[in-house]
Amino acid sequence: MRRGGFTIVELLIVIVVIAILATITIVAYNGIQLRGQAAAIASDLRAADKSFRLYKEASGMSTWTIDTDASWNGSTGGNPTLASIIAYIPALHDFLQKSPSNAGFGTASGWLYDNDNDTYSGCAANTAGVNLVLQNITNTSLALAVDQAIDDGNLSCGMVRLSGTSFTYGLDKSP
């Protein structure tokens, strides 16, 4: 007479199926989390871009301000942080209250405002202009996900670029 219950083989099959489903769920969750984080950063960058354009138009400026003003960053030259520019220009604060997030990029510093005509190679030509730059990034997967959310998924070309550990978002290519 056979007793009710499961055999060892049946139990092992159920355990293996549950493990496979758990693995698929974890992998899918990690991808969704990365895309969500990238979408938030992309949204912040677009908002900063729009804020600068609105400020430029409202101020009647025909070009972007060059960032060699020592009062922005306490030095002569260099790239000031975006936070220091927001603090230094009260009228800009009406359009942009804070820097885009740099969470998830690893050891990255804060966003820098780069408008001193540095050149970034790629796309068969050098480009110079106004950029937001995040240095010392270690999470290149997030950089690629942000590029896919904003641009073309090619980190060496387009609005979003990665050069070494510097992640660049192009605000304007005609300073």
Engineer: Which of these passes side-chain hydrogen bond (donor to acceptor under 3.5 Å, both in side chains) with Y169: N131, D114, D49?
Structural biologist: D49
Engineer: What I'd like to find out is whether the side chain of L82 reaches to under 4.5 Å of the side chain of L112, using heavy atoms alone.
Structural biologist: no
Engineer: Please report the shortest heavy-atom distance between R161 and S156, naming the atom on each side.
Structural biologist: NH1-O, 3.8 Å
Engineer: In Å, rounded to the nearest 0.5 Å, how long is the span from CG of L142 to CG of D147?
Structural biologist: 11.0 Å
Engineer: Check G153 against Q148 and note the closest heavy-atom contact, atom names and distance.
Structural biologist: CA-CG, 3.7 Å
Engineer: Give me the atom names and distance for the closest heavy-atom approach of N139 to G104.
Structural biologist: ND2-O, 2.9 Å
Engineer: Of all the heavy-atom pairs spanning N136 and T107, show the shortest one and how long it is.
Structural biologist: O-OG1, 3.0 Å
Engineer: Indicate the atoms forming the closest heavy-atom contact of V160 with D151, along with that distance.
Structural biologist: N-OD2, 3.2 Å
Engineer: Between L34 and A145, which heavy-atom pair has the shortest distance, and what is it?
Structural biologist: CG-CB, 4.1 Å
Engineer: Show the atom names and distances, to 0.1 Å, of all donor-acceptor pairs under 3.5 Å that link a side chain in residues 35-47 to residues at least two apart or in another chain.
Structural biologist:
| from | atom 1 | to | atom 2 | distance (Å) |
| --- | --- | --- | --- | --- |
| Q37 | NE2 | A103 | O | 3.3 |
| D44 | OD2 | S101 | N | 3.1 |
| R46 | NH2 | A149 | O | 2.6 |

Engineer: Hey, is the main chain of T81 close enough, under 3.5 Å, to the side chain of S84 for a donor-acceptor pair?
Structural biologist: yes
Engineer: Can you confirm whether N154 sits close enough to C157 that some side-chain heavy atom of one is under 4.5 Å from a side-chain heavy atom of the other?
Structural biologist: yes
Engineer: Can you find a pair of side-chain heavy atoms, one from I85 and one from L92, that are under 4.5 Å apart?
Structural biologist: yes
Engineer: Would you say the rings of F52 and Y113 are close, in the sense that their centroids are separated by under 6.0 Å?
Structural biologist: yes
Engineer: Are L144 and L155 close enough that some pair of their side-chain heavy atoms sits under 4.5 Å apart?
Structural biologist: yes
Engineer: Would you say that S163 contacts T168 through its side chain, given a criterion of any heavy-atom pair below 4.5 Å between the two side chains?
Structural biologist: no
Engineer: Tell me which donor-acceptor pairs under 3.5 Å the side chains of residues 14-23 have, and how far apart each pair is, sequence neighbours excluded?
Structural biologist:
| from | atom 1 | to | atom 2 | distance (Å) |
| --- | --- | --- | --- | --- |
| T23 | OG1 | A19 | O | 2.9 |

Engineer: Examine L96 and L54 and state if one hydrophobic cluster contains both, with Ile, Leu, Val, Met, Phe, Trp and Tyr joined whenever side-chain heavy atoms are less than 4.5 Å apart.
Structural biologist: yes
Engineer: Take a 6.0 Å sphere around CD of Q97 and say whether it holds more than 12 heavy atoms from other residues, nucleotides or ligands.
Structural biologist: yes
Engineer: Please enumerate all residues that pass ring-ring contact (aromatic ring centres under 6.0 Å, His included) together with F105, with sequence neighbours excluded.
Structural biologist: F167
